[in-house]
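What follows is a set of notes on a single structure, which appears directly below.
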Amino acid sequence: MLTATVEDKLSRALELVGGSIDPEIAESYPSLEARILAQALENVELAERRLREIQKLMGDFSEVLV
């Protein structure tokens with residue numbers, strides 16, 4: 001029963017990071033738990049880069065409108 005709960009949690013965590021692990025991350029970390037956490041961090045970093053780019057584009061757009 002405990003194993004099923006752990007597997008369910010790992011499956012859900014994997015689902016939350018997009019369902020797959022980057023191959024470089026998969027090679028770098030020995031456990032699935034570590035891979036999921038590393039992928040989650042990578043996803044956050046990517047989202048931050050995209051947000052900064054969007055903010056820059058919107059700032060450029062606002063300057064054009066003024």
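Predicted model, so just to flag it, every value in this text is computed and none were measured. This chain uses plain numbering: 1 for the first residue, then up along the sequence. Scope of the values below: all heavy atoms of this structure, side chains included, with no hydrogens, waters or symmetry mates.
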d(Leu37 CG, Leu32 CG) to nearest 0.5 Å is 9.5 Å

Over all atoms of both residues, closest heavy-atom pair of Ala26 and Ile21
N-CG2, 3.8 Å

Treat each ILVMFWY residue as a node, draw an edge where side-chain heavy atoms are under 4.5 Å apart, and state whether Val6 and Leu14 are in one component.
yes

Do Leu10 and Val17 sit in one hydrophobic cluster, given that two such residues count as connected whenever their side-chain heavy atoms are within less than 4.5 Å of each other, even indirectly?
yes

Which residues pass the side-chain contact (heavy atoms from CB on, under 4.5 Å) test with Ala34, sequence neighbours left out?
Tyr29, Ser31

Only pairs at least two apart or in different chains count here, so list each side-chain hydrogen bond (donor to acceptor under 3.5 Å, both in side chains) that has a residue in residues 35-50.
Gln39-Asn43

Pairs in or reaching into residues 16-28: which pass side-chain hydrogen bond (donor to acceptor under 3.5 Å, both in side chains), with residues at least two apart or in two chains?
none

My understanding is that only residues two or more places apart in sequence, or in another chain, count here; which of them pass salt bridge (Lys or Arg N to Asp or Glu O under 4.0 Å) with Arg12?
Glu15

